[in-house]
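Taking it in order: structure first as structure tokens, then the write-up.
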Amino acid sequence: MYARAGLSARSFSVKETPTFARALGIPHPTGRPGEREIGNRSAARPPVASAAMRMTSLFLRTLRDDPADAEVESHRLLVRAGYVRRISAGIYSWLPLGQRVLRKVEQIVREEMDEAGAQEVLLPIIQPLELWERSGRDQAYGPLMFKLLDRKETGYCLSPTAEEVVSSLVAQEYGSYRDLPLTLYQINWKYRDELRPRFGLLRAREFLMKDAYSFDVDVDAFRASYQRMYDAYHRVFSRSGLTFRAVEAASGEMGGSESREFMAVAAVGEDDFVWCPSCEYAANVEAARRGEGGPAAAGADVPPLEEVGTPDLPGIAGVAAHLRVEPGTLLKSIAFDVDGKLGLAVVPGDREVNELAVAAALEPKQVRLYGDEDFAAHPELPKGYIGPNYQGASVVVADPAVRAGPAWVIGANRTDYHARNAMVGRDFDVDVWADVVTVTPGDPCPRCGMPLSIDRGIEVGHVFNLGTKFSEALEARYTDEKGEQHPMMMGCYGIGVSRVVAAVAEEHHDEHGLSWPAALAPYDVHLIAVPGRGEQAANVVAEADRVYASLRAQRIDVLYDDREVSPGVKFADADLVGVPVQLVVGAKGVGRGVIERKVRATGARDELPLADPGDPRST
RNA sequence: CGGGGAGUAGCGCAGCCCGGUAGCGCACCAGCUUUGGGAGCUGGCGGUCGGGGGUUCAAAUCCCCCCUCCCCGACCA
């Protein structure tokens with residue numbers, strides 16, 4: 001099951017959330033954090049200032065034609081409905097409607113960060129390059145950074161992220177184990193000169209990001225901080241109305257349990273991920289593993305190994321066709337450089353080798369897939385005809401699936417020949433058994449064994465362990481009880497706030513336009529006056545004005561279409577803009593003393609008493 | 001960065017081959033008609049035709065250089 005958003009914003013308390021209790025229950029050296037108040041959200045703070053707006057005043061021009069450059073629905077609709085306008089490649093202006101939605105997302109993030117005990121700061125967008133040189137990331141980020149010079153020719157960059165600034169800030173202020181843990185966050189514009197900005201707000205060069213950084217004394221303390229953020233992220237994306245999964249990210253160094261990407265499920269997503277429809281397992285394709293395959297084949301009577309000619313057929317498909325067998329009955333032997341020696345990874349012919357899995361299986365050895373230059377350096381290797389029994393191989397890693405077949409077709413270790421009837425243990429040996437195939441849909445889940453699915457997603461958030469990389473480079477150290485100095489353990493937590501707006505638009509729209517979840521909608525109610533032409537027209541307008549005033553008095557955010565345009569234009573614009581509830585005050589209804597209501601998402605219509613419509617948001 | 005395409009009114013486009021008055025739809029303004037699912041008629045406003053150079057009596061159109069944008073492949077929130 002996917003985590004599914006409710007329409008109404010829920011409030012969470014520390015006590016109700018088991019993971020909080022767990023996180024807070026972890027003993028702390030000082031004992032102080034237990035007393036520290038986590039979260040200070042109060043009902044007194046309005047999420048976003050309530051507002052009412054007449055469309056005759058609103059800075060909005062909807063477009064009848066699709067913008068020519070929009071490839072995806074979120075981009076197309078956000079431009080057409082007047083939420084954003086492109087100013088340059090990957091750089092957008094946010095118009096009043098868009099600004100309100102962005103603020104709603106921001107506010108949800110802010111509430112959940114505060115609730116999780118993080119403190120909001122605001123760090124500079126313009127940052128000295130010198131800081132980036134200290135961490136070495138001026139090189140690592142390289143052309144992705146927007147760089148500039150001041151009048152003295154000192155180098156600066158526009159912040160693509162803020163580990164350096166926040167680390168040096170904390171290093172200045174804090175230096176004791178008594179100060180920790182600490183989590184700081186900001187919601188601020190980020191700049192990345194992407195090679196190819198595209199998909200509107202989904203991959204922009206200027207984007208609004210929430211970035212948080214945790215500082216802890218050790219790994220255990222870090223895990224508690226990490227867990228609080230991880231839980232908060234679930235609440236943020238649920239409240240935003242996204243269908244999402246927290247996915248194990250591929251990260252060789254960091255370790256999967258401390259790196260999660262939050263993927264909003266969407267066909268236009270740029271990342272594939274594997275997930276289990278039956279349990280909570282989800283992982284990046286590179287990080288994904290599968291469960292046990294079938295049992296090892298019984299030792300059937302297999303004739304001896306027999307060479308067959310396969311001239312000019314180095315590929316699996318060609319050999320399989322030539323021998324009239326399925327590709328799955330062949331074995332692929334893929335060459336790797338393992339600490340400078342030849343290693344082979346062996347998988348069935350219909351599967352792909354997962355490079356990262358091979359590397360993980362052979363740790364701590366350095367593993368690298370052979371490239372053209374490696375084959376050029378080793379002309380004795382019969383590329384395309386290597387078998388798992390190749391004499392020069394220092395190590396053979398095979399997928400457990402290789403155990404399942406009684407006999408295989410393998411490379412014969414000389415060009416233009418393969419061999420059939422190859423048996424594990426008889427004709428070749430395996431040094432390491434490991435799950436090294438790339439997961440494909442239908443593979444068993446490593447947790448529950450049910451078939452896995454693969455989907456595309458938009459990465460809307462990422463939480464991970466930074467270790468001490470930045471605290472060492474920028475000298476963010478603390479002194480422990482014994483007076484010894486240690487670098488702080490850091491975590492990093494990002495949410496693409498402007499990207500969330502696009503991801504939600506991607507999930508919540510139909511052929512008529514946007515359809516916002518209540519939590520993100522720019523307004524709660526779209527009031528439409530349809531006065532008609534007759535004698536009652538003035539009266540209808542007066543009634544609509546009265547309803548408008550009454551909604552404002554209830555502090556309901558209302559967008560009032562008081563324009564003198566045809567009803568069709570008003571209805572079409574209302575559907576395009578996508579406010580969750582539409583109210584029509586028209587000649588027809590006023591005559592009968594009713595207001596017509598339409599729920600944008602479902603199309604459900606009903607009527608409310610004109611004299612006292614109550615709260616039209618509740619159905 | 002490599003490969004493909006495009007820059008003409010705020011938006012969507014035609015005109016370019018074959019050089020000669022810059023056009024259509026939407027939007028905007030005015031008037032009349034219309035008024036429950038993107039109305040009609042009439043009249044208007046709005047353009048350094050991406051920029052620079054060249055050829056020519058004459059360039060949106062032909063030639064050269066540059067810029068920008070979009071689409072397809074390696075990065076990230």
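Given the structure is predicted, the values throughout are model-derived calculations rather than measurements. Protein chains get the first letters and strands the later ones, always in sequence-line order, with residue 1 at the start of each.
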Q. How far does the C1' atom of rC64(B) sit from the matching atom of rG20(B), given to the nearest Å?
A. 24 Å

Q: List for me each residue that meets side chain to side chain contact (heavy atoms under 4.5 Å, CB included) alongside Asn188(A), sequence neighbours excluded, and say none if there are none.
A: Leu122(A), Ile125(A), Gln186(A), Lys190(A)

Q: Could you verify whether a donor N or O on one side chain and an acceptor N or O on the other, from Tyr560(A) and Asp545(A), lie under 3.5 Å apart?
A: yes

Q) Say you pick atom C1' in rG12(B) and the same atom in rA27(B); how far apart are they, in whole Å? A) 11 Å

Q. Counting only N and O atoms by type, is there a donor-acceptor contact under 3.5 Å from the side chain of Asn284(A) to the main-chain atoms of Val247(A)?
A. no

(Q) For the C1' atoms, the ones on rU61(B) and on rU55(B), what distance do you get once it is rounded to whole angstrom? (A) 13 Å

Q: Send over the distance from Tyr92(A) OH to rC69(B) C1', rounded to a whole Å.
A: 11 Å

Q) Between Asp65(A) and Arg80(A), does at least one N-O distance fall below 4.0 Å, as a salt bridge requires? A) no

(Q) With rounding to the closest Å, how many angstrom separate the C1' atoms on rA6(B) and rC49(B)? (A) 14 Å

Q) Who is the Watson-Crick or G-U wobble partner of rC62(B), with both distances under 3.5 Å? A) rG54(B)

Q. Please give, in whole Å, the distance from rG10(B) P to Phe59(A) CZ?
A. 14 Å

Q) Does Arg245(A) count as lying over the ring of Phe262(A), i.e. NZ or CZ under 6.0 Å from the six-ring centre, within 45 degrees of the axis? A) no

Q) At under 4.0 Å between heavy atoms, what does Arg86(A) touch on the DNA or RNA strands: base, sugar-phosphate, or nothing? A) sugar-phosphate

(Q) Please name the nucleotide paired to rC13(B) by Watson-Crick or G-U wobble geometry with both distances under 3.5 Å, or report none. (A) rG23(B)

Q. Heavy atoms under 4.0 Å, any strand shown: does Thr161(A) hit a base, just sugar-phosphate, or nothing?
A. nothing

Q.
Please enumerate all residues that pass ring-ring contact (aromatic ring centres under 6.0 Å, His included) together with His509(A), with sequence neighbours excluded.
A. none

Q. Taking a pair as Watson-Crick or G-U wobble with both distances under 3.5 Å, which nucleotide is matched to rC28(B)?
A. rG44(B)

Q) Which parts of nucleotides 35-43 of chain B does protein reach within less than 4.0 Å, heavy atoms only, written one letter per nucleotide 5' to 3' as B for base, S for sugar-phosphate only and - for none? A) BBBBS----

Q: Using a 4.0 Å heavy-atom cut-off, write out nucleotides 71-77 of chain B from 5' to 3' as B (base contacted by protein), S (sugar-phosphate only) or - (no contact).
A: SBBBBBB

Q: Could you measure between the two P atoms, the one in rU56(B) and the one in rA14(B), and give it in whole Å?
A: 32 Å

Q. Which value, in whole Å, describes the distance between the P atoms of nucleotides rC26(B) and rA39(B)?
A. 11 Å

(Q) I need the Asp573(A) CG to His512(A) NE2 distance, nearest 0.5 Å. (A) 13.5 Å

Q: Sticking with atom P, work out how far rG25(B) lies from rC69(B), rounded to a whole angstrom.
A: 31 Å

Q | Interatomic distance, Met55(A) CE vs rA27(B) P [rounded to whole Å] | A | 15 Å

**Q.** Complement of rA39(B), any strand, by Watson-Crick or G-U distances under 3.5 angstrom
**A.** rU33(B)

Q.
With a 3.5 Å limit on both atom pairs, tell me what rC69(B) is paired to, counting Watson-Crick and G-U wobble, or say none.
A. rG5(B)

**Q.** Non-neighbouring partners of Lys598(A) that pass side chain to side chain donor-acceptor pair (under 3.5 Å), sequence neighbours left out
**A.** Asp575(A)

Q | Between P of rG10(B) and CG of Leu95(A), the distance in whole Å | A | 17 Å

Q) Which whole number of Å gives the distance between the P atom of rU48(B) and that of rU8(B)? A) 12 Å

Q) Are the side chain of Arg192(A) and the backbone of Pro160(A) linked by a donor-acceptor contact shorter than 3.5 Å? A) yes

Q. Under the side chain to side chain contact (heavy atoms under 4.5 Å, CB included) test, which residues partner Ala502(A), sequence neighbours left out?
A. Ser74(A), Leu201(A), Leu202(A)

Q | Under-3.5 Å donor-acceptor pair between Asp66(A) side chain and rG12(B) base | A | no

